[in-house]
Amino acid sequence: MKNINRQTHIFIFELVIAIAFFALASSICVQFFVKAHSLSKETNDINISMNLATGYVEEFLNDPTIYQVNQEYIHYYDENWKNCHKKNSTYSIKIYCSDKDSIETIHVRVYHYHKKIYSITSDQYIKEDNHES
């Protein structure tokens, strides 16, 4: 009877060790999946930010009069990158144009709440018309 009782205790002890090992291994795997998901989300946000910011810069380069000098423009987006109002926004894009010596500069910054995730700046020479009619 003692031999069967001892075998049962050893079996239960082995079972507990196996369960603990699998619990530890699964918790490590879950951490990897969470980190991978987080990196995927950040990468997606940066890609969308780059596309939108580059689009605003291209608009400016095609028509420098689209934005007034020394005025800030802000566009708001929700968590799915759809246009929305400020109160529902997750992302914002701030556009600022400056002018110095016939060179107009556009600064585009993309924010996730208040954390900057992307920034781009571009310059364009503006030819002044000095023709007298």
Side-chain angles (χ1 to χ4, degrees):
M1 185 75 180
K2 286 187 174 183
N3 194 16
I4 293 175
N5 198 11
R6 177 178 264 213
Q7 288 177 350
T8 305
H9 288 300
I10 292 174
F11 174 73
I12 291 174
F13 183 68
E14 288 177 359
L15 190 61
V16 169
I17 288 176
I19 291 172
F21 173 74
F22 285 117
L24 179 65
S26 64
S27 68
I28 291 171
C29 288
V30 167
Q31 288 177 358
F32 284 137
F33 284 119
V34 168
K35 184 66 175 173
H37 177 73
S38 174
L39 287 174
S40 174
K41 176 78 171 121
E42 287 176 23
T43 302
N44 187 46
D45 287 347
I46 290 171
N47 285 335
I48 293 173
S49 299
M50 288 172 54
N51 290 336
L52 288 172
T54 303
Y56 287 119
V57 170
E58 288 297 324
E59 282 181 334
F60 169 77
L61 294 176
N62 288 332
D63 182 11
T65 62
I66 196 168
Y67 300 113
Q68 292 181 5
V69 176
N70 298 326
Q71 184 173 349
E72 184 174 66
Y73 298 87
I74 303 175
H75 299 273
Y76 297 102
Y77 298 89
D78 65 10
E79 65 275 353
N80 296 317
W81 290 97
K82 305 287 185 214
N83 285 320
C84 69
H85 295 293
K86 181 179 181 177
K87 66 180 180 175
N88 299 327
S89 68
T90 303
Y91 302 96
S92 62
I93 298 180
K94 295 182 180 182
I95 303 167
Y96 182 79
C97 291
S98 60
D99 183 13
K100 183 177 181 184
D101 300 328
S102 297
I103 296 178
E104 284 194 10
T105 303
I106 184 170
H107 307 276
V108 181
R109 292 176 181 85
V110 183
Y111 296 89
H112 180 253
Y113 294 107
H114 298 289
K115 179 185 174 196
K116 183 168 53 171
I117 57 175
Y118 186 73
S119 172
I120 187 171
T121 301
S122 183
D123 298 324
Q124 181 172 0
Y125 175 74
I126 305 299
K127 190 178 197 180
E128 293 183 17
D129 293 330
N130 292 332
H131 302 288
E132 292 182 18
S133 301

Heavy atoms only: give me the nearest [X]-[Y] pair and the separation to one decimal.
| X | Y | result |
| --- | --- | --- |
| Gln68 | Cys97 | O-CB, 3.9 Å |
| Ile46 | Ile117 | CG1-O, 4.3 Å |
| Glu59 | Tyr67 | OE1-OH, 3.3 Å |
| Thr54 | Met50 | OG1-O, 2.6 Å |
| Lys41 | Glu79 | NZ-O, 4.0 Å |
| Ser89 | Cys84 | CA-SG, 3.6 Å |

Gap separating the [atom1] atom of [X] from the [atom2] atom of [Y], nearest 0.5 angstrom:
| X | Y | atom1 | atom2 | answer |
| --- | --- | --- | --- | --- |
| His107 | Asp123 | NE2 | CG | 7.5 Å |
| Tyr77 | Asn88 | OH | CG | 15.0 Å |
| Gln124 | Thr105 | CD | OG1 | 10.0 Å |
| Phe22 | Ser27 | CZ | OG | 13.0 Å |
| Lys94 | Tyr73 | NZ | OH | 15.5 Å |
| Ile74 | Arg109 | CD1 | CZ | 12.0 Å |

Ignoring hydrogens and geometry, is there a side-chain-to-backbone donor-acceptor pair from Thr43 to Leu39 under 3.5 Å?
->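 Present.
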Check: Ser40 main-chain N/O paired with Asn44 side-chain donor or acceptor under 3.5 Å =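 Pair absent, no side-chain N/O of Asn44 close to backbone of Ser40.
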Test item: Ile93 and Leu52 side chains (from C-beta on) under 4.5 Å apart, heavy atoms |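 Heavy-atom side-chain distance check passes, below 4.5 Å.
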Side chains of Asn83 and Tyr76: closer than 4.5 Å at any heavy-atom pair?
->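 No; the side chains remain at least 4.5 Å from each other.
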Joint hydrophobic cluster, [X] plus [Y], side-chain heavy atoms closer than 4.5 Å:
| X | Y | value |
| --- | --- | --- |
| Leu24 | Val16 | no |
| Val108 | Tyr96 | no |
| Ile103 | Ile106 | no |
| Val69 | Tyr56 | no |

Would you call the rings of Tyr91 and Trp81 parallel, tilted or perpendicular, where under 30° means parallel and over 60° means perpendicular?
->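 Parallel: the ring planes of Tyr91 and Trp81 meet at under 30°.
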